[in-house]
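Beneath this line is the structure, given in structure tokens, with notes to follow.
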There are 2 protein chains.
Amino acid sequence: MSELQSQSALYQLRRQVLSGELRGGTKLRASHLSADMGVSRTPISEALITLEGEGLLIRDKSGFTVRRFALEDVFDAIDLRGLLEGAAVRRAAERGVSDAAIADLNARLHALDAAIEQGDVAQYDQLNLGFHNQLIALSESDILIAEVQRSYRLPFAGPSAFPTQHTDAARFRASLIIGQEHHRQIVSAVTQRESARAFALMCEHARLAHQNVHVAVAARQDAPQLALVDRA
Amino acid sequence: MSELQSQSALYQLRRQVLSGELRGGTKLRASHLSADMGVSRTPISEALITLEGEGLLIRDKSGFTVRRFALEDVFDAIDLRGLLEGAAVRRAAERGVSDAAIADLNARLHALDAAIEQGDVAQYDQLNLGFHNQLIALSESDILIAEVQRSYRLPFAGPSAFPTQHTDAARFRASLIIGQEHHRQIVSAVTQRESARAFALMCEHARLAHQNVHVAVAARQDAPQLALVDRA
DNA sequence: TTTATCCGATATGCATGCAAAAGTGCGCGC
DNA sequence: GCGCGCACTTTTGCATGCATATCGGATAAA
């Protein structure tokens with residue numbers, strides 16, 4: 001496990017931005033960060049440049065600033081993810097997928113069912129991510145795959161972002177069940193090469209995240225998951 | 001015009017990759033490039049990291065390599081652009097745009113007409129880019145705007161990439177006329193808040209670039225515009 | 001001839017030095 | 001009291017030094 005310092009700094013900073021630990025508008029000073037993290041400014045700079053490319057930081061003259069994300073930006077990021085994932089499954093459906101791939105997807109669906117049944121959220125999240133990745137891979141489009149992965153890095157746009165989970169257990173469980181139904185129908189659509197249906201379902205599937213965010217916002221108990229959102 | 005060296009290196013390298021001057025698979029050695037361009041390795045490294053983020057380079061252990069783009073990747077990039085621009089105009093149509101914005105778009109349409117009439121390709125390209133940017137901006141979604149801009153950086157995905165122009169003048173002129181008709185209908189759709197129509201039109205509009213690429217490939221005179229495409 | 005291995009050459013990752021630019025705070029003038 | 005300007009401090013962008021990892025080639029063995 002070679003731990004490059006620039007990578008380590010990148011992960012750490014990305015986490016801090018996405019978690020809201022670093023508030024929008026915060027000026028990031030490479031020199032200060034380097035002292036903080038015990039490495040030199042070079043790897044820090046590299047991490048900052050990468051994060052700028054990911055749209056999490058903004059570079060003004062002389063310095064990086066944490067981007068402010070309004071609630072609307074969060075919704076836009078979620079929709080973007082849905083759009084890109086939708087395009088990927090549409091492509092997969094048009095192209096047609098092998099029986100082996102369909103069997104694999106079905107196996108993943110069963111595993112997800114089990115995780116939901118057992119209420120194992122961590123397990124669900126992991127399986128869910130794997131399911132999405134597998135589905136996207138079936139597009140066999142390197143560019144789409146890369147762009148989807150990139151969209152996952154936007155705030156709350158990753159398929160495993162579930163800010164509801166500590167707010168309303170019943171509602172959270174319901175959203176898992178609904179999401180799983182989406183999963184099933186998406187696999188069905190891809191299997192039957194119904195590309196438009198696959199696309200529409202995937203877009204709608206992402207919209208579940210909208211609901212979760214809305215719930216978290218409504219229960220405005222300073223939900224720590226929403227710390228990154230710029231409250232105007 | 002303060003020319004930061006890292007910026008200058010970035011532009012230069014990006015151009016070299018997109019133009020195919022640097023072939024896919026080429027190993028980029030920071031030390032060599034720094035000697036070549038007369039700057040130290042630090043700004044070169046920064047440029048390389050940025051280009052990796054743009055998907056033009058791939059970072060393997062110890063070093064950057066120019067990404068290989070197959071023809072299929074070019075088409076995927078074009079479709080991606082259409083998808084994102086389509087999402088933007090759909091949003092614009094749903095949101096509704098001001099009379100002033102519509103007037104502005106119509107003025108741009110007239111300017112484009114004039115450029116086509118006069119056969120001024122450079123002028124057309126510039127106006128076309130401005131038209132697209134203006135249209136996208138009407139989505140008022142920072143995230144969509146950023147992603148569209150990003151997609152422009154992918155090979156041949158920018159709205160001004162016209163590899164046909166030296167191949168078949170009549171066909172090229174026809175594609176401009178057809179594109180302009182798309183433009184008009186897109187403005188119409190946005191004006192009338194017909195979001196689905198705007199989306200579909202924009203997706204199809206991007207497909208014009210497919211045709212141009214196809215033509216360039218068919219006239220396989222080692223079209224220099226296609227040098228970047230990895231010939232298998 | 002092919003394959004494995006060692007070793008020198010070279011490039012990379014990171015640290016740090018330096019000049020220039022940006023930011024900060026203070027006092028002065030209005 | 002408020003805004004402006006000036007000097008000081010900090011930070012950045014870039015260059016470069018150094019240790020380590022990687023690559024390429026030659027040699028030796030099968």
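So that the names make sense, note that chain A is the first sequence line, chain B the second, and so on, each numbered from 1.
OP1 or OP2 of dG13(C) has not a single side-chain nitrogen or oxygen of Ser6(A) nearer than 4.0 Å.
Within the 4.5 Å cutoff, no side-chain heavy atoms of Arg81(B) are placed close to those of Phe156(B). Looking at heavy atoms from C-beta onward, His183(B) lies in side-chain contact with His132(B) at the 4.5 angstrom threshold. Annotation: side chain of Val66(A) is not in contact with side chain of Ile58(A) (no heavy-atom distance under 4.5 Å). Side-chain contact check for Val187(B) versus Phe131(B): some heavy-atom pair is nearer than 4.5 Å. Using a 4.5 Å heavy-atom threshold, the side chains of Arg15(B) and Glu21(B) count as touching. A 4.5 Å side-chain heavy-atom check between Arg68(B) and Arg23(B) finds every atom pair outside the cut-off.
When the C1' atom of dT12(D) is taken as reference, atom NE2 of His32(A) falls 16 Å away, rounded to whole Å. At whole-Å resolution of the value, CZ in Arg29(B) and P in dG13(C) are 13 Å apart. Whole-Å rounding puts the Asp36(B) CG to dA11(C) P distance at 12 Å. For the pair Lys27(B) NZ and dA11(C) P, the interatomic distance rounds to 10 Å; values are reported in whole Å. Gln7(B) has its CD atom 12 Å from the C1' atom of dG13(D), to the nearest Å. Put simply, CD on Glu46(A) is 8 Å from C1' on dC14(C), counting in whole angstrom units.
Taken from CD in Glu46(B) to OG in Ser6(B), the straight-line distance is 5.0 Å, to the nearest 0.5 Å.
Between the side chain of Asn128(A) and the main chain of Pro159(A), a donor-acceptor pair closer than 3.5 Å is present. At distances below 3.5 Å, not a single donor-acceptor pair connects side-chain atoms of Arg67(A) with backbone N or O atoms of Gly24(A).
No engagement by Ile44(A) is indicated, since no non-hydrogen atom pair under 4.0 Å with the nucleic acid exists.
Sorted by residue number, the members of residues 47-61 of chain B with any non-hydrogen atom under 4.0 Å from DNA chain C read Arg59(B).
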Polar-atom pairs under 3.5 Å, protein N or O versus N or O of nucleotides 15-17 of chain D: list them with distances, or write none.
residue	atom	partner	partner atom	Å
dA15(D)	OP1	Ser40(B)	N	3.4
dA15(D)	OP2	Ser40(B)	N	2.5
dA15(D)	OP2	Ser40(B)	OG	2.4
dA15(D)	O5'	Ser40(B)	OG	3.4
dA15(D)	N7	Thr42(B)	OG1	2.9
dT16(D)	O4	Thr42(B)	OG1	3.4
dG17(D)	O6	Arg41(B)	NH2	2.6

